[in-house]
Amino acid sequence: MEFCGSSYDGDYNNGRMEGRGEYTLPTETRYVGEMKDGTFHGTGVLYFPNGSKYEGTWEKGISKQCMCWLQGKYTFADGLEYQESDWEYCNGHDRRFYTEICNGLKPAGESQLTNLDPPRAIPEGCYDCGDGFYDPQRRVITDYQHSFLRNADDGEHEWIVRTCRKGWDEVVGPASRS
């Protein structure tokens, strides 16, 4: 495990991870739960660095949710639980952020740009792409602590530039008439 940057603290059987334990990936995602024959097996929780979590039942390293047995639950960092059907959050009729639903809207004249309040400061020339910052000049995505995550391919670059919040102001709307 030391070669791939992962770590494990828990029970072993015949030299393999088995029983209860905590497995930490190099991305700082942690699995806490049951293991069998060196894989996630049984009930467990994946804790993501952004504060969200996935609780589920695993079989031979694969979530039963992925197998369409619908035995898992994803909870966002702010406490919002994902629902596969009857999803009412951020639909066409109600565009409020989850924190606005829980805590109410801000007074007139103040707007909430993201579900984080105050919003995360974005470095000049970059975008906030949800799991980190994107520098379109270098086409590199870093996490929020500025550690390398990945290079963006053409499709991801186009999506980020089209949809994500920018770290600079830009005049938008019709051109002024002088």
Side-chain angles (χ1 to χ4, degrees), residues 1-10 17 21-35 37-41 44-84 87 89-91 95 97-99 112-170 172:
M1 276 186 282
E2 62 274 1
F3 296 113
C4 65
S6 298
S7 65
Y8 176 72
D9 182 26
M17 299 177 288
E22 180 175 324
Y23 187 92
T24 304
L25 296 137
T27 60
E28 297 181 21
T29 298
R30 293 180 309 119
Y31 171 82
V32 178
E34 299 173 13
M35 305 285 286
D37 199 26
T39 63
F40 305 166
H41 192 89
V45 182
L46 273 176
Y47 294 95
F48 298 98
N50 67 1
S52 62
K53 66 181 178 179
Y54 176 78
E55 303 169 79
T57 304
W58 309 82
E59 187 170 311
K60 297 180 182 175
I62 300 172
S63 167
K64 288 187 176 185
Q65 175 78 22
C66 295
M67 296 177 183
C68 301
W69 295 341
L70 305 176
Q71 294 184 5
K73 178 175 75 169
Y74 183 83
T75 306
F76 293 91
D78 59 13
L80 174 66
E81 292 181 7
Y82 174 74
Q83 293 176 271
E84 189 163 337
W87 182 252
Y89 172 66
C90 202
N91 62 29
R95 302 298 296 173
F97 292 108
Y98 186 63
T99 53
Q112 189 166 330
L113 300 174
T114 72
N115 200 39
L116 293 175
D117 191 25
R120 181 178 286 114
I122 304 170
E124 182 75 23
C126 293
Y127 293 81
D128 183 346
C129 60
D131 59 347
F133 299 122
Y134 176 60
D135 180 343
Q137 299 301 315
R138 296 177 25 228
R139 294 181 74 125
V140 168
I141 297 169
T142 59
D143 65 18
Y144 293 119
Q145 289 73 44
H146 305 288
S147 296
F148 177 84
L149 283 178
R150 65 184 175 279
N151 292 310
D153 62 17
D154 291 340
E156 187 173 26
H157 169 83
E158 190 229 301
W159 180 84
I160 292 171
V161 170
R162 187 179 73 247
T163 61
C164 294
R165 201 164 63 89
K166 302 173 191 156
W168 68 94
D169 288 332
E170 185 174 72
V172 295

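Along the sequence shown, the residues carry numbers beginning at 1. The structure displayed is predicted, hence computed values, not measured ones.
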Residue pairs meeting salt bridge (charged side-chain N to carboxylate O under 4.0 Å, His left out), one or both in residues 141-152, sequence neighbours left out, come to Asp131-Arg150, Arg150-Glu156
side-chain contact (heavy atoms from CB on, under 4.5 Å) filter on Val140, not counting sequence neighbours, yields Arg138, Thr142, Phe148, Asn151
Item to complete: Walk me through it: do Lys73 and Tyr54 pass the test side chain to side chain contact (heavy atoms under 4.5 Å, CB included)?
Response: CA-CA 6 Å; Lys73 178 175 75 169; Tyr54 176 78; 5.9 Å; no
| task | Determine whether Asp135 and Cys126 make a side-chain contact, defined as any pair of heavy atoms from C-beta on separated by less than 4.5 Å. | result | yes
Notebook entry, point to check: Tyr8 vs Tyr23 aromatic rings, parallel, tilted or perpendicular, using cut-offs 30° and 60°?
Noted result: tilted
Sorted by chain and number, sequence neighbours left out, side-chain contact (heavy atoms from CB on, under 4.5 Å) with Ser52 holds for Phe48, Asn50, Tyr74
Hits for salt bridge (charged side-chain N to carboxylate O under 4.0 Å, His left out) against Asp9, two or more places apart or cross-chain, chain-then-number order -> none
Between the CG atom in Leu46 and the NZ atom in Lys53, the distance rounded to the nearest 0.5 Å is 12.0 Å
Residues passing the side chain to side chain donor-acceptor pair (under 3.5 Å) test with Tyr127, sequence neighbours excluded, are none
Check: Side-chain contact, heavy-atom cut-off 4.5 Å: Arg139 with Ile160?
Finding: no
Closest non-hydrogen atoms of Cys164 and Trp159, given as atom of the first, atom of the second and distance, are SG-CZ3, 3.4 Å
In this structure, CD of Glu81 is separated from OG1 of Thr75 (nearest 0.5 Å) by 4.5 Å
Heavy-atom nearest pair, Pro26 first then Cys4, reads CG-O, 3.0 Å
Residues at least two apart in sequence or cross-chain that pass salt bridge (charged side-chain N to carboxylate O under 4.0 Å, His left out) with Asp78, listed by chain then number, are none
Of all heavy-atom pairs linking Phe40 and Trp58, the shortest is O-CB, 3.6 Å
Closest non-hydrogen atoms of Phe133 and Ala121, given as atom of the first, atom of the second and distance, are CZ-O, 3.5 Å
Closest non-hydrogen atoms of Lys166 and Ile122, given as atom of the first, atom of the second and distance, are O-CD1, 3.5 Å
Nearest heavy-atom approach of Ile141 to Cys129 is CG2-SG, 3.8 Å
Contact check, side chains of Met35 and His41, non-hydrogen atoms, under 4.5 Å: no
If you define the side chain from C-beta out and look only at heavy atoms, does anything of Tyr134 sit under 4.5 Å from His157? yes
